[in-house]
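Given the structure is predicted, the values throughout are model-derived calculations rather than measurements.
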Amino acid sequence: MSTATPVCSVLVAAYNAEQYLGQCLDSLTGQTLADIEVIVVDDGSADHTLQIAQRYAQADARIKCLALMANHGQAYARNQALSLASGRYICFLDADDWYAPDAIGQAVSVFSRYPDTDCVLFDVVMWRSADDWQLAQSEPFDCLTGYEAFRKSLTWQIHGVYMVRAGIHHRYPYDDTCRAYSDDNTTRIHYYISRHVRRCHGRYYYRQHAGSVTHQVSLRHFDYLRANESMRRQLMELGVADDVLSEYENVRWLVLVDCYRFYYLHRRDMGPWMRRRAQAEMRRVWRGIEVSRLYARNHYKLGYMPLRCSWRLFCWQEQVYFGLKRWLHRL
């Protein structure tokens, strides 16, 4: 039975998720830790997502349902849920994913055993089918300082599926500056200000399917560049050490190179307008990179040289580099 202050609040952002939302919510109502609240935000869906969420809310008082009139993106929707959350701890569950029955209980037990813990990571299962799944590759650890977890999250040596103390999450809500990717920034900030970050063995099942943003050929992929800029601003506001800024500038640079790879591989699937917009966005970020902060391996290697003397020369380098990689791959 739930209490006035639940142990844990679960944020569920749902958009056109009628195919999966039932399994998602069943995994929450079936948790071994019953003292939870579930806040479902329908992000302007065009299918029956809202009706499914409302049906579950009518059947279980622990579930709250909020409907947005238009689609705003996952980070915005999660923030609407966060504004209603009253639990001592907060975690999220995407509408097409699900938790193992003991997942939330396992995470809460870590907080109980180690009072200096501010974030607890779940085990993440990358799920394609019952015959095709695997645990996500993440550097094994028992306990990290918040700073150590933050540094590892810069290159995702550890993942970002976790439970966090409510005070931290309310102080630092999701970065919703972009429709995609900027919510990753919030994970890093939560780690950075944590005393200790630990892990549990409760499983989060992450469904792999072609409908995700990363599999779509659209300008949304280039939101990653703006999300990185937002992260850099937040790091500067937090006053992080200069070496952290340098490390993150290298991350930004590698993301730019990866975005050019995406552009090179999919440019023929883009119309002229989309190609121009993608090129303009990459060029804008290329100009803003602090080249002096780049490590030698990201400065003098073919495919990674900034070549700030000429954007056209940089583009030529990328085309040669990724063209060679593609050719070698076919051999």
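Between Arg220 and Asp223 there is a salt bridge, with a side-chain nitrogen of the basic residue lying less than 4.0 Å from a carboxylate oxygen of the acidic one.
In terms of modelled atom types and a separation under 3.5 Å, the side chain of Glu249 and the main chain of Val244 share no donor-acceptor contact. For the pair Thr117 (side chain) and Tyr114 (backbone), a donor-acceptor distance under 3.5 Å is present. The closest donor-acceptor contact from the side chain of Arg199 to the backbone of Pro140 lies at 3.5 Å or more, if one exists at all. Under the 3.5 Å distance criterion, the side-chain polar atoms of Asn298 are left unmatched by any main-chain donor or acceptor of Tyr304. A distance-only check finds a donor-acceptor pair linking the side chain of Ser112 to the backbone of Val108 [under 3.5 Å]. Put simply, the side chain of Arg226 never gets that close to the backbone of Glu281: no donor and acceptor are under 3.5 Å apart. For the pair Thr49 (side chain) and Glu18 (backbone), a donor-acceptor distance under 3.5 Å is present. When atom types are taken as modelled, the side chain of Arg207 and the backbone of Asp96 share a donor-acceptor pair closer than 3.5 angstrom. A donor-acceptor pair under 3.5 Å links the side-chain atoms of Ser153 to the main chain of Phe150, judged by distance alone. One N or O on the side chain of Ser27 and one on the backbone of Tyr99 form a donor-acceptor pair closer than 3.5 Å.
Each of Tyr206, Tyr204, Trp127 was scored for a ring-ring contact (aromatic ring centres under 6.0 Å, His included) with Trp98, with one residue passing: Trp127.
Taking every heavy atom of both residues into account, Ala46 and Asn16 meet most closely at N-OD1, 2.6 Å. A pairwise comparison of heavy atoms in Cys200 and Phe122 identifies SG-CD2, 3.9 Å as the closest pair. Here the closest heavy-atom approach between residue Tyr263 and residue Ala278 is recorded as CD1-CB, 4.0 Å. The shortest heavy-atom contact between Met274 and Ser218 is SD-CA, 4.1 Å. The two residues Cys259 and His221 have their closest heavy-atom pair at SG-CD2, 4.2 Å. Ile36 and Ile104 get closest at one heavy-atom pair: CG2-CG2, 4.1 Å.
Between Trp286 and Leu256, some side-chain heavy-atom pair lies under the 4.5 Å cut-off. A heavy-atom distance below 4.5 Å is not found between the side chains of Arg62 and Pro6. For the pair Asp43 and Gln74, the minimum side-chain heavy-atom distance is 4.5 Å or more. Between Arg308 and Ile289, the closest side-chain pair of non-hydrogen atoms falls below 4.5 Å. When side chains are defined from C-beta on, Glu290 counts as touching Arg232, because their heavy atoms get closer than 4.5 Å. Contact check for Cys119 versus Ser194: side-chain heavy atoms found under the 4.5 Å cut-off. Counting heavy atoms from C-beta on, the side chains of Asp116 and Arg198 come closer than 4.5 Å.
Rounded to the nearest 0.5 angstrom, Asp102 CG and Ser109 OG are separated by 9.0 Å. Once rounded to the nearest 0.5 Å, the distance linking CH2 of Trp311 with CD of Gln279 reads 5.5 Å. Here Ile63 contributes atom CD1 and Gln58 contributes atom CD; the two are 11.0 Å apart, rounded to the nearest 0.5 Å. We find the CD-CZ distance between Gln208 and Arg128 to be 5.0 Å, quoted to the nearest 0.5 Å. Gln80 contributes atom CD, which lies 6.0 Å from atom CG of Leu68 (distance to the nearest 0.5 angstrom). Atoms CG and CG, from Leu307 and Leu313 in turn, are 4.5 Å apart once rounded to the nearest 0.5 Å.
In terms of the salt bridge (Lys or Arg N to Asp or Glu O under 4.0 Å) criterion, residue partners of Arg78 (sequence neighbours excluded) are, by chain and number, Asp94, Asp183. Remark: Glu229 pairs with Arg284 by the salt bridge (Lys or Arg N to Asp or Glu O under 4.0 Å) rule, at least two apart or across chains. When the side chain to side chain donor-acceptor pair (under 3.5 Å) test is applied to Tyr205, no partner is found at least two apart in sequence or on another chain. Residues passing the side chain to side chain donor-acceptor pair (under 3.5 Å) test with Arg188, sequence neighbours excluded: none.
In this model, a donor atom of one side chain and an acceptor atom of the other lie less than 3.5 Å apart for Asp175 and Thr177. Tyr181 and Asn228 form no side-chain donor-acceptor contact under 3.5 Å, judged by distance and modelled atom types alone.
Among pairs with a residue in residues 314-328, those fulfilling side-chain hydrogen bond (donor to acceptor under 3.5 Å, both in side chains) read Tyr260-Gln319, at least two apart in sequence or across chains. Every pair passing side-chain hydrogen bond (donor to acceptor under 3.5 Å, both in side chains) that includes a residue from residues 154-172 is listed here, sequence neighbours excluded: Asp118-Arg165, Thr155-Gln157, Tyr162-His190, His169-Tyr174.
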Where do Asp35 and Arg88 land on the salt bridge (Lys or Arg N to Asp or Glu O under 4.0 Å) test, with the steps shown first? CA-CA 11 Å; Asp35 193 6; Arg88 296 202 303 271; 5.8 Å; no

Go through Glu148 and Arg151 one step at a time and tell me if the salt bridge (Lys or Arg N to Asp or Glu O under 4.0 Å) criterion holds. CA-CA 5 Å; Glu148 289 170 339; Arg151 292 294 293 263; over 6 Å; no

Quick one: do Trp273 and Leu219 satisfy side chain to side chain contact (heavy atoms under 4.5 Å, CB included)? Show the steps, please. CA-CA 10 Å; Trp273 176 83; Leu219 287 174; 3.6 Å; yes

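No more than 12 heavy atoms of other residues, nucleotides or ligands sit less than 6.0 Å from atom CE of Met236. Enclosure of atom NE2 in His72 by more than 12 non-hydrogen atoms of other residues, nucleotides or ligands within 6.0 angstrom is indicated. Within a 6.0 Å sphere centred on OH of Tyr300, heavy atoms belonging to other residues, nucleotides or ligands number 12 at most. Open room surrounds CZ on Arg312; 12 or fewer heavy atoms of other groups in view lie less than 6.0 Å from it.
In the hydrophobic cluster analysis, where Ile, Leu, Val, Met, Phe, Trp and Tyr join through side-chain heavy atoms closer than 4.5 angstrom, Leu66 is grouped apart from Met69. Linking ILVMFWY residues whenever their side-chain heavy atoms come closer than 4.5 Å, directly or via other members, places Val10 and Val7 in the same cluster. Placement of Leu28 and Leu82 within a single hydrophobic cluster is found when ILVMFWY residues are connected by side-chain heavy-atom separations under 4.5 Å, directly or transitively. Hydrophobic cluster membership differs between Phe141 and Leu135, with clusters built from Ile, Leu, Val, Met, Phe, Trp and Tyr side chains linked at under 4.5 angstrom. When the side chains of ILVMFWY residues are joined at heavy-atom separations under 4.5 Å, either directly or via intervening members, Val38 and Val161 end up in a single hydrophobic cluster.
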